[in-house]
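What follows is a set of notes on a single structure, which appears directly below.
Reminder, nothing fancy here: chain letters follow the sequence lines and each chain counts from 1. Just so it is clear, the structure is predicted and the values come from calculations on it, not from any experiment.
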Number of protein chains: 2
Amino acid sequence: MSSKRTQPARIYWTINELSRSYDVTPRTLRHYEDVGLLSPLRKGTQRLYRERDRVRLQLILRGRRLGFGLPEIQEMLDLYDADPTEVTQLRHTIRRGDAKLQELHDQVEELKTLIEEITELRATMQHRLDQILRQED
Amino acid sequence: MSSKRTQPARIYWTINELSRSYDVTPRTLRHYEDVGLLSPLRKGTQRLYRERDRVRLQLILRGRRLGFGLPEIQEMLDLYDADPTEVTQLRHTIRRGDAKLQELHDQVEELKTLIEEITELRATMQHRLDQILRQED
DNA sequence: CATCTAATTTACGTTAACGTAAATTAGATG
DNA sequence: CATCTAATTTACGTTAACGTAAATTAGATG
């Protein structure tokens with residue numbers, strides 16, 4: 001098992017640094033904070049994002065690419081925040097994790113079905129194309 | 001190869017019949033028509049949905065479950081409407097189908113990664129829970 | 001101290017995907 | 001013909017996820 005706890009190259013990022021490296025606007029980062037997805041530190045009035053915020057942002061953006069809404073992304077991020085000393089919390093969080101996993105598996109299945117259908121459609125069109133081109137000779 | 005062209009049980013559905021069987025409101029069906037996703041016949045002023053509209057509606061609703069927007073769903077539906085006698089159209093549609101397939105494959109990969117992460121998180125929480133319960137004895 | 005620059009807050013604007021209410025119409029039925 | 005019922009159109013409303021503009025602030029620099 002490879003050890004975790006590798007030193008991150010940096011400790012703090014400003015809003016502009018973080019927004020540039022993930023190709024989002026500062027406004028987007030502030031919005032994610034407004035709805036509770038991120039919670040950077042403050043140095044006076046300025047936001048300071050830590051490694052934790054960076055990781056969360058990556059999860060958020062992947063969630064968006066996958067078509068999830070921010071509330072649903074929130075639910076998934078919450079899974080990472082269960083107090084590991086509280087039996088009740090652990091039990092509940094495991095249950096919700098299982099439910100989410102079920103949904104995600106279903107979604108993979110639907111995506112695969114869609115891929116199959118388009119693949120078959122593609123093949124049909126290719127055959128038609130080949131037929132036409134052969135007739136032209 | 002099983003023959004296609006099975007007789008559908010019915011030929012026409014009204015907007016209420018269709019909306020009930022797919023658990024959407026009539027307004028939703030009208031909206032999909034407004035944006036060009038469906039195009040039912042008219043008997044006077046009344047809409048008549050055919051088998052084709054039913055199939056399209058299924059594709060639309062699956063697209064929505066997968067998190068796609070209506071314009072993106074439109075693109076995918078367009079793949080089914082290429083004129084199979086036009087070489088140029090076939091070529092273009094095959095290309096766009098391939099591009100879409102690439103995106104869908106990427107999306108499956110991201111989903112699988114997400115599933116793996118949550119699965120591992122679940123395992124970690126289960127271990128913590130087991131530890132705590134053992135200590136209580 | 002004056003001037004930049006990066007960041008901030010406030011607040012109104014926009015797009016997508018319908019919801020909802022109101023007024024109208026077309027057949028079916030007694 | 002009167003009355004229902006299922007549909008229709010019109011048009012304004014709502015939520016999500018930010019965009020955008022304006023006014024303000026906090027350090028950094030000459």
Self-check item: Most 5' of A:Lys43 and B:Thr14 on DNA chain D, judged by nearest nucleotide
Solution: B:Thr14
Polar atom pairs between nucleotides 22-24 of chain C and protein, under 3.5 Å, N or O only, would you list them?
none

Practice problem: May I ask you to list the residues of residues 25-33 of chain B, by number, that have any heavy atom positioned under 4.0 Å from an atom of DNA chain C? | Solution: B:Thr25, B:Arg27, B:Thr28, B:His31, B:Tyr32
Restricting to nitrogen or oxygen on both sides, can you table the protein-nucleotides 1-4 of chain D pairs closer than 3.5 Å?
none

Practice problem: With a 4.0 Å heavy-atom cut-off, tell me which residues in residues 59-73 of chain B come close to DNA chain C, sorted by residue number. | Solution: B:Arg64, B:Gly69, B:Leu70, B:Pro71
Exercise. Could you check how far CG of B:Leu41 sits from C1' of D:dT8, rounded to whole Å?
Key: 17 Å
Quiz prompt | CD1 on A:Ile94 to CG on A:Leu101, rounded to 0.5 Å | solution = 11.5 Å
Practice problem: Applying side chain to side chain contact (heavy atoms under 4.5 Å, CB included), name anything that partners B:Leu48, two or more places apart in sequence or on another chain. | Solution: B:Tyr12, B:Leu41, B:Lys43
Quiz item: A:Tyr12 OH to C:dA6 P: how many Å, rounded?
Solution: 22 Å
Quiz prompt | B:Trp13 six-ring face occupied by B:Arg54 cation (under 6.0 Å, within 45°) | solution = yes
Quiz item: So what stems show up for DNA chain D if we need 3 or more Watson-Crick or G-U pairs in a row, all under 3.5 Å?
Solution: C:1-30 with D:1-30
Self-check item: A:Ile60 and A:Phe68: CA distance, side-chain angles, deciding distance, side-chain contact (heavy atoms from CB on, under 4.5 Å) verdict
Solution: CA-CA 9 Å; A:Ile60 295 168; A:Phe68 299 127; over 6 Å; no
Quiz item: In Å, rounded to the nearest 0.5 Å, how long is the span from OH of B:Tyr49 to CD1 of B:Ile15?
Solution: 3.5 Å
Quiz item: Taking only residues two or more places apart in sequence, or in another chain, which ones meet B:Glu86 in a side-chain hydrogen bond (donor to acceptor under 3.5 Å, both in side chains)?
Solution: none
Quiz item: Could you state the CG-C1' distance from B:Leu48 to D:dT8, rounded to the nearest angstrom?
Solution: 13 Å
Practice problem: Name all residues meeting the salt bridge (Lys or Arg N to Asp or Glu O under 4.0 Å) criterion together with A:Asp81; count only those two or more places apart in sequence or in a different chain, and write none if there are none. | Solution: A:Arg52, A:Arg56
Exercise. Please check if atom CZ in A:Arg65 has more than 12 non-hydrogen atoms from other residues, nucleotides or ligands closer than 6.0 Å.
Key: yes
Practice problem: Please name all residues satisfying side-chain hydrogen bond (donor to acceptor under 3.5 Å, both in side chains) with A:Gln102, sequence neighbours left out, ordered by chain then number. | Solution: A:Asp106
Quiz item: Please give, in whole Å, the distance from D:dT25 C1' to A:Arg47 CZ?
Solution: 13 Å
Quiz item: Does some side-chain heavy atom of A:Thr113 sit less than 4.5 Å from a side-chain heavy atom of B:Arg62?
Solution: yes
Exercise. Can you tell me the distance, in whole Å, between the CD atom of B:Gln74 and the C1' atom of C:dT15?
Key: 17 Å
Could you pull out every donor-acceptor pair under 3.5 Å between side chains of residues 30-37 of chain B and any protein atom, sequence neighbours left out?
from, atom 1, to, atom 2, distance (Å)
B:Glu33, OE1, B:Arg47, NE, 2.6
B:Glu33, OE2, B:Arg42, NH2, 3.3

Practice problem: Taking B:Thr28 for its side chain and B:Val24 for its backbone only, find out whether a donor-acceptor pair lies under 3.5 Å. | Solution: no
Quiz prompt | B:Gln89 side chain to B:Asp83 backbone, donor-acceptor under 3.5 Å | solution = yes
Practice problem: Return the set of residues passing side chain to side chain contact (heavy atoms under 4.5 Å, CB included) with B:Thr14 (not counting sequence neighbours), or none when no residue passes. | Solution: B:Asn16, B:Glu17, B:Gln46
Quiz prompt | side-chain hydrogen bond (donor to acceptor under 3.5 Å, both in side chains) partners of B:Gln126, counting only residues at least two apart | solution = B:Arg122, B:Asp130
Quiz item: Rounded to the Å, how far apart are B:Arg42 CZ and D:dA6 P?
Solution: 19 Å
Exercise. Ignoring hydrogens and angles, tell me if any N or O in the side chain of B:Asp53 forms a donor-acceptor pair with the backbone of B:Arg50 under 3.5 Å.
Key: yes
